[in-house]
Chemist: 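The structure that follows is given in the form of structure tokens.
Protein chains get the first letters and strands the later ones, always in sequence-line order, with residue 1 at the start of each. Because only heavy atoms are used, hydrogens play no part in the values below, and waters and symmetry mates are left out as well, while side chains stay in. In this text, all values refer to a predicted model and were calculated from it rather than measured experimentally.
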Number of protein chains: 2
Amino acid sequence: MSDARGLFDHIKHGDIDELADAIGELLQNPITIEDADHRLIAYSSHGDITDQARWSTIMGRRVPERVLTRLWKDGVFQQLLTQADPVHIPAKDEVGLGKRVAIAIRRGDEVLGYIWAQELNRPITRQDDETLRQAARAAVTRLLQRQGKRKAEEQRRKEFFWELLLGNHQSETAILQKAETLHLELQAPYLVCIIDSDKSQLEQVLYPLLMRDRIIWGKDGNQLIMLLSNGPLQPKDAKDKNGLLSYAESFWQEVSDKLYERFPDQRETFSFGYGRPCQAFMESRRSYQEAMLVLQVKRLFPKEVEKINGYHDLGIYRFLLTLKKWNNSESYQNERLRTLESYDRDNQTNLLETLETFLDTTGKVNQTAQSLHIHINTLSYRLRRIEEIMGISLDDPNQRTAIYLELKLRKLI
Amino acid sequence: MSDARGLFDHIKHGDIDELADAIGELLQNPITIEDADHRLIAYSSHGDITDQARWSTIMGRRVPERVLTRLWKDGVFQQLLTQADPVHIPAKDEVGLGKRVAIAIRRGDEVLGYIWAQELNRPITRQDDETLRQAARAAVTRLLQRQGKRKAEEQRRKEFFWELLLGNHQSETAILQKAETLHLELQAPYLVCIIDSDKSQLEQVLYPLLMRDRIIWGKDGNQLIMLLSNGPLQPKDAKDKNGLLSYAESFWQEVSDKLYERFPDQRETFSFGYGRPCQAFMESRRSYQEAMLVLQVKRLFPKEVEKINGYHDLGIYRFLLTLKKWNNSESYQNERLRTLESYDRDNQTNLLETLETFLDTTGKVNQTAQSLHIHINTLSYRLRRIEEIMGISLDDPNQRTAIYLELKLRKLI
DNA sequence: ATTTGATTTGTGGATTTTCACAAATGGGAG
DNA sequence: CTCCCATTTGTGAAAATCCACAAATCAAAT
């Protein structure tokens, strides 16, 4: 096969689309070239009938998510990433993928992209492997160029993303303009959400999800930060915002499932939080900080906010830290709770725990008694004692609310 | 009576006690000299049997409060303040006051003090009036001297008082030393309380109360500010603090009664607030600011904190202003309450009011229904709707508490 | 050892809450 | 006008709460 040397030399200076056409002609089959992120770069244009997967890829300028997921699951990418030779892939009808052959375009250890050859007109055999190897080699320079441009743009995007989150922007129109030049599609309403974990490189696991339309993301240490959008706002009514909130929840559901699949033993080491929805892009700072607060609260009150991901759902935990700081600055301590606590200490009783349980069930004596494993009359006696010792009435909503808050505040150091 | 001129000239340079003795000898009766604040200055020392009022005055170095109150009520002081002649006062046995004659010591319009002559050994007649007039004249210079000293000290006390409240003090011992030099008896535990009104000169009405032992007071505009103490701390247990709190309440009760007596139609124009008890005198700043906060909250939530005077009793209102500020700085609004509000607007319903009433009764459906004049099932239906529309469960103590707080927060502009 | 006082548990009955279901009301859209 | 839908009121039964009173338990003090 020494005559194969220089097979694609004649298009050395041509467009990468010409390369695709040239390979297609040699193999007599439809060709697709993608970059490392599975974005479409070029495709042969013979108008052949093609399969669903290729069609979607060309139309969406990107390989569909379910196809990617499937190929990862089947280990195809693992092969492509580790070997220099073409990989022959059987048809996967469920995802609309016909039989094909793929090869990674690589320089050294780095994978720059892929060439896909669908087996439509004739089978692709071992004899064609060398053709594909040469094609991959011929694509390298062009992908490198492209990657250079992409990397620069990626860098600028990254900077823009952090400007958005840290709120260094001057005006809304300035943001929109800049986004345009960076080919970023900003869509309102949106919100900022964060996935927090002790794993680095988490984005690799979640790649298919992150690559979705309408997600703009970045990372900071072990945190993945995302701008999530539901699609453009229908000017119907405010329900769209709720839609966005439930979209965030279902997104976390998907992420969570994927993570559980990958790390079956440690679902609890991942944490998710998101801020309130925004209309304008100058608000992203707020939403980001809200998401951060959610994560902070989750670290401080793991049990209490276990099922809460959204800032809007934090309830009292939204401002508990603020309150704590203020109390500290005023060196305030609730005298009554202290009294009750020292009573407990002196008399080996559990009145404080009783009180908290009572308040945690919004005053349902039945539930409280059950949860404490005591007789209901014991509870009623204790509640009477608590009222006596603290000198308050548990029927007073003001005192009751205050006590509830201060009980929770006590858990902060 | 021209020979009476110079009656007391021989003791011109003597002690004021000599003057009292000289008058006593002339009138053959016990004499007492007081300053304008009814503090004892001098008394004749013949060891005569005397009445309860004089005995208490000498022992306490000050006229007892109930005697003062009675004399004000009977118009005796009004006479003394307006006329230069002696006033003959019948016995008032209920307050232990025997029959006596009094004259004001005055320079121009200003009253510097009083001379009291009890009618014990012989009646005091109109013939003695000139003696008393001369005695009063003879006392002027001595009282002026005394007043001069007192005024200077009063000024320094005033400064010290505000240093205490504004917290400019370096150390606890420095405070105690300074208090000592100013003849101020600081006693712990104590607290700072404030009477607020739209009346100026309120201290005149409350003079007897303010002149009590253990009250150190000052004024700022229409506010009377007081350091209140229960007496020295018995090192028994923490109950002393509660004692101080209830002392503050009973003090307000007395003040309130007195004010109601004087201004029967406008009890509501007076307001009272006090901070938490202090042990150290460096804490007075805190207690003062707490008292101020109570008054501020009372202006903002007149109904809600109507019966609350103590900072420790404020409940959620203790930090509601802080929260409001924080919410504003975060430009936060509870989306759910807004949703409910706009539902009310669109459908002419009262769900927001229903919700608030429900929370104001700590979730007692009976009371809520009664207070809203609706059927209990109507209430239960509304509550279900509220949960649907807001997307929360009223059984969740976290959400419930948060909503309660934010409902109250809404009332701040 | 006895007493005292605080705490827990038990019993029973009046009252309140909860829930399901049905009927009446009343306003707005077709 | 009727129909539809949200709201209000009514009825009844099961469950939960509240209250008063009594008995049992237990630890600390005398």
Chemist: Is there a side-chain contact between Leu405(B) and Phe319(B) (heavy atoms, below 4.5 Å)?
Modeler: yes
Chemist: Does a side-chain heavy-atom distance below 4.5 Å link Met292(A) with Gln296(A)?
Modeler: no
Chemist: Over how many whole Å does the gap from Asn347(A) atom CG to dC26(D) atom P extend?
Modeler: 17 Å
Chemist: What parts of residues 382-404 of chain A reach DNA chain C, counting only heavy atoms under 4.0 Å away?
Modeler: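 Listed by number, they are Arg382(A), Arg385(A).
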Chemist: Which label fits Trp252(A) and Phe272(A): parallel for a plane angle under 30°, tilted from 30 to 60°, or perpendicular past 60°?
Modeler: parallel
Chemist: Between the protein and nucleotides 10-13 of chain D, which nitrogen or oxygen pairs come in under 3.5 angstrom?
Modeler:
residue	atom	partner	partner atom	Å
dG10(D)	N7	Asn377(B)	ND2	3.1
dG10(D)	O6	Asn377(B)	ND2	2.7
dT11(D)	O4	Asn377(B)	ND2	2.7

Chemist: Residues from residues 365-373 of chain B sitting under 4.0 Å of DNA chain C, heavy atoms only?
Modeler: Val365(B), Asn366(B)
Chemist: When you look at CD of Glu341(A), are more than 12 heavy atoms from neighbouring residues, nucleotides or ligands closer to it than 6.0 Å?
Modeler: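 Yes, because the 6.0 Å sphere around CD of Glu341(A) holds more than 12 heavy atoms from other groups.
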Chemist: Can you confirm whether His312(B) sits close enough to Arg336(A) that some side-chain heavy atom of one is under 4.5 Å from a side-chain heavy atom of the other?
Modeler: yes
Chemist: Sequence neighbours excluded and cut-off under 3.5 Å, please list the side-chain donor-acceptor pairs for residues 382-389 of chain A, or say none.
Modeler:
residue	atom	partner	partner atom	Å
Arg382(A)	NH1	Thr354(A)	OG1	2.9
Arg385(A)	NH1	Glu388(A)	OE1	2.7
Arg385(A)	NH2	Tyr343(A)	OH	2.8
Glu387(A)	OE2	Leu394(A)	N	2.7

Chemist: OP1 or OP2 of dT7(D) versus the side-chain N and O atoms of Thr378(B): is any pair under 4.0 Å?
Modeler: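 It does not, given that no N or O in the side chain of Thr378(B) lies less than 4.0 Å from OP1 or OP2 of dT7(D).
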Chemist: For residues Glu330(B) and Arg318(A), determine if any side-chain heavy atom of one lies less than 4.5 Å from a side-chain heavy atom of the other.
Modeler: no
Chemist: Just how large is the angle between the end axes of the helix from dA1(C)-dT30(D) to dG30(C)-dC1(D), five pairs per end, to 10 degrees?
Modeler: 30°
Chemist: Side chains of Gln399(A) and Met390(A), heavy atoms from C-beta outward: is any pair under 4.5 Å?
Modeler: no
Chemist: Do Val305(B) and Leu300(B) make a side-chain contact, defined as non-hydrogen atoms from C-beta onward lying under 4.5 Å apart?
Modeler: no
Chemist: Rounded to whole angstrom units, what separation is found between the OH atom of Tyr381(A) and the P atom of dA23(D)?
Modeler: 18 Å
Chemist: Between atom CG in Leu379(B) and atom C1' in dT7(D), what is the gap in whole Å?
Modeler: 13 Å
Chemist: Using 4.0 Å as the upper bound for N to carboxylate O, is an ion pair formed by Lys307(B) and Asp313(B)?
Modeler: no
Chemist: So which of Thr361(A), Thr357(A), Asp360(A) actually passes side chain to side chain donor-acceptor pair (under 3.5 Å) with Thr368(A)?
Modeler: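 When side chain to side chain donor-acceptor pair (under 3.5 Å) is applied between Thr368(A) and each of Thr361(A), Thr357(A), Asp360(A), only Thr361(A) qualifies.
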Chemist: Under 6.0 Å between the ring centres of Tyr190(B) and Phe281(B)?
Modeler: yes
Chemist: Glu353(A) versus Asp344(A): any side-chain heavy-atom pair under 4.5 Å?
Modeler: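 Of all side-chain heavy-atom pairs linking Asp344(A) with Glu353(A), none is under 4.5 Å.
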Chemist: Closer to the 5' end of DNA chain C via nearest nucleotide, is it Leu351(A) or Lys364(A)?
Modeler: Leu351(A)
Chemist: For nucleotides 26-30 of chain C, print each protein N/O atom paired with a nucleotide N/O atom at under 3.5 Å, atom names and distance only.
Modeler:
none

Chemist: Is a salt bridge present between Glu306(A) and Lys303(A), judged by a nitrogen-to-oxygen distance below 4.0 Å?
Modeler: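 No.
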Chemist: Working note: Arg410(B) + Glu406(B), criterion salt bridge (charged side-chain N to carboxylate O under 4.0 Å, His left out); need CA distance, chi angles, decisive distance, verdict.
Modeler: CA-CA 6 Å; Arg410(B) 288 163 53 87; Glu406(B) 308 206 40; over 6 Å; no
